[in-house]
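Only heavy atoms go into these numbers, but all of them, side chains included; no hydrogens, no water, no symmetry mates. It should be emphasised that the depicted structure is a prediction, and the values quoted were computed from it without experimental measurement.
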2 protein chains.
Amino acid sequence: MTVSSAGRRERKKAATRQAIADAALRLFLLRGYDQVSIRDIADAADVSTTTVFKHFTGKEALVFDEDEEREAQLMAAVTQRAPGQSVLDALRRHFLDTWIRIETHPQRAEFAHLVESTPELRAYAERMWTRHTEALAAAVADAFGAGHDDLACAALARYVLDIPALVRGRHDLQVAVETIFDLLAHGWRPPATG
Amino acid sequence: MTVSSAGRRERKKAATRQAIADAALRLFLLRGYDQVSIRDIADAADVSTTTVFKHFTGKEALVFDEDEEREAQLMAAVTQRAPGQSVLDALRRHFLDTWIRIETHPQRAEFAHLVESTPELRAYAERMWTRHTEALAAAVADAFGAGHDDLACAALARYVLDIPALVRGRHDLQVAVETIFDLLAHGWRPPATG
DNA sequence: TACAAAAGTGCAATGAGTCAACTAAGCAAC
DNA sequence: GTTGCTTAGTTGACTCATTGCACTTTTGTA
């Protein structure tokens, strides 16, 4: 029975994890982050509170269950860019094409609002996002054969990862992203004022 | 006796606050952040634990008791820059002159190590620092008569405030800071290799 | 079948942070 | 000075996140 039962444990584990994440998100959206306790989530998912912590490092992590994917996409944008395309250009395209699309997806709206309206989550999201700085910096450095501690690469990585926070709430994300990349490519210029 | 006794309450309050902050820092440096409870601090300062929270918003805030000052300095660097000096230049000078001097001050070393070695504090410090983005962005925007929501100004503010995190741990802060400002002024260039 | 690893449970404990009712010190006006 | 308002501080109980431990159940495997 090795084949048919292979990974039953894995699947059940994944199912439990998903049940917890689903229950958490549902309750958070329904009542607000602060108004939901781990106990509530555990009950809704029909597990014990300790089991919740076996699957997630903390309450905040329950909200951001699918972040590795987006990091991977970002990394891929650099490492698997079209031949002849510059790193900066690859990143710009990634933001304009992939990132904006995801961010403006209708389903994303209420989730975004949840994060937006909970200071604790906003802080966590930002931390989580900028935490990928090292990985992206390494990818950029590799693209140039520079050392992983190269300052210019680290700066580019961080500045690019700041973009989501910077353009948040702008009416025209497209224009906003272009503005930032223009600054990164050509240097900062004073704003044009009447 | 209006003069000599004026604000005795104020002074006592300030004294209590200081006693708490001092006790906290002393214990943190002695035993490490995680190994000190609010209870310990309250006992050392001879107040109740609730009093601690009357003066400080949370445990982390006990460590960063004097941050408004540095924000004010930064703001002043922009608003009170020498005539004819560009904003970017004023900021560069501020970092090279004032910021590096403070950061490399001997007394600062053990404090820096405490923050450095406590992930919770590192995250908090970064958040605290970048939280001033709005204020700095407004100051920069004012310098150009632009609106307070001007994206280019917001980006510059955030990117400048990222500098401490970016150059942390570099052997030559001077060079590191110059590198970043060069990027901000003239755009990003691939690192020179081979 | 028997055994080891992993998933999950229950329970108790720690520690941060909040709340409400109370005490007492400062301060002002009379 | 005494009356009375304001506010710092106290006390103790409470909620909740998070951890550790000992235990049971399930699953994979020899």
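The hydrophobic cluster containing A:Leu30, built from Ile/Leu/Val/Met/Phe/Trp/Tyr side-chain heavy atoms closer than 4.5 Å, comprises no other residue. Apart from A:Phe56 itself, the hydrophobic cluster it occupies contains A:Ile20, A:Leu25, A:Leu27, A:Phe28, A:Leu29, A:Tyr33, A:Val36, A:Ile38, A:Ile41, A:Val47, A:Val52, A:Phe53, A:Leu62, A:Val63, A:Phe64, A:Phe111, A:Leu114, A:Val115, A:Leu121, A:Tyr124, A:Met128, where clustering links Ile, Leu, Val, Met, Phe, Trp and Tyr at side-chain heavy-atom distances under 4.5 Å.
The shortest distance between side-chain heavy atoms of A:Tyr159 and A:Ile180 does not fall below 4.5 Å.
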> Given the rule that a pair is Watson-Crick or G-U wobble with both distances under 3.5 Å, how would you write DNA chain C in dot-bracket, using | for pairs to a different strand?
Replying inline: ||||||||||||||||||||||||||||||
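For the side chain to side chain contact (heavy atoms under 4.5 Å, CB included) test, residues two or more places apart in sequence or in another chain that qualify with A:Asp97 are A:Arg93, A:Arg101. Listed by chain and residue number, B:Thr50, B:Thr51 satisfy the side chain to side chain contact (heavy atoms under 4.5 Å, CB included) test with B:Ser48 (two or more places apart in sequence, or in another chain). The salt bridge (Lys or Arg N to Asp or Glu O under 4.0 Å) search around B:Arg26 returns none, not counting sequence neighbours.
Straight-line distance from the CD atom of A:Gln35 to the P atom of C:dT18: 14 Å, rounded to whole Å. For the pair B:Ile41 CD1 and C:dG17 P, the interatomic distance rounds to 10 Å; values are reported in whole Å. Counting to the nearest Å, the P atom of D:dT26 and the NZ atom of A:Lys12 are 8 Å from each other. Rounded to a whole Å, the CD atom of A:Glu120 is 10 Å from the P atom of C:dG17. Taking atom CZ of A:Arg11 as the reference point, atom C1' of D:dT26 lies 14 Å away to the nearest angstrom. Look at CD on B:Glu10: it is 13 Å from P on C:dG26, rounded to the nearest Å. Separating the CZ atom of B:Arg9 from the P atom of C:dA24 is a distance of 16 Å, rounded to the nearest angstrom. Atom CG in B:Asp43 sits about 12 Å away from atom P in C:dA16, given to the nearest Å.
When the side-chain nitrogen and oxygen atoms of B:Arg8 are compared with OP1 and OP2 of C:dG26, one or more of them lie within a distance under 4.0 Å. For C:dA7, neither phosphate oxygen OP1 nor OP2 lies less than 4.0 angstrom from any side-chain nitrogen or oxygen of A:His55. Residue A:Ser48 has no polar side-chain atom (N or O) positioned under 4.0 Å from OP1 or OP2 of C:dG10.
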Could you pull out all donor-acceptor pairs under 3.5 Å where a side-chain atom in residues 73-83 of chain A meets a protein atom, sequence neighbours excluded?
| residue | atom | partner | partner atom | Å |
| --- | --- | --- | --- | --- |
| A:Thr79 | OG1 | A:Met75 | O | 3.2 |
| A:Arg81 | NE | A:Gln85 | O | 2.8 |
| A:Arg81 | NH1 | A:Val78 | O | 3.0 |

Give every donor-acceptor pair under 3.5 Å between a side-chain atom in residues 140-150 of chain A and any protein atom, sequence neighbours left out.
| residue | atom | partner | partner atom | Å |
| --- | --- | --- | --- | --- |
| A:Asp142 | OD1 | A:His148 | NE2 | 2.8 |
| A:Asp142 | OD2 | A:His148 | NE2 | 3.4 |
| A:Asp150 | OD2 | A:Ala152 | N | 3.1 |
| A:Asp150 | OD2 | A:Cys153 | N | 3.0 |

>> Please evaluate residues B:Asp182 and B:Thr179 with respect to the criterion side chain to side chain donor-acceptor pair (under 3.5 Å), reporting the C-alpha separation (whole Å), side-chain torsions for both, the decisive distance (0.1 Å), and the verdict.
In response: CA-CA 5 Å; B:Asp182 189 61; B:Thr179 301; over 6 Å; no
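Remark: B:Thr16 in residues 16-30 of chain B come within less than 4.0 Å of DNA chain D through at least one heavy atom.
Applying the side-chain hydrogen bond (donor to acceptor under 3.5 Å, both in side chains) test to pairs two or more places apart or on separate chains, those with a residue in residues 102-115 of chain B are B:Arg70-B:Glu103. Residue pairs satisfying the salt bridge (charged side-chain N to carboxylate O under 4.0 Å, His left out) criterion with at least one member in residues 156-180 of chain A, sequence neighbours excluded, are listed as follows: A:Arg92-A:Glu178, A:Glu116-A:Arg168, A:Arg158-B:Glu126, A:Arg158-B:Asp162, A:Asp162-B:Arg158.
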>> One character per nucleotide, please: for nucleotides 13-25 of chain D, 5' to 3', B when the base has a protein heavy atom closer than 4.0 Å, S when only the sugar-phosphate does, - otherwise.
In response: ----SBBB-----
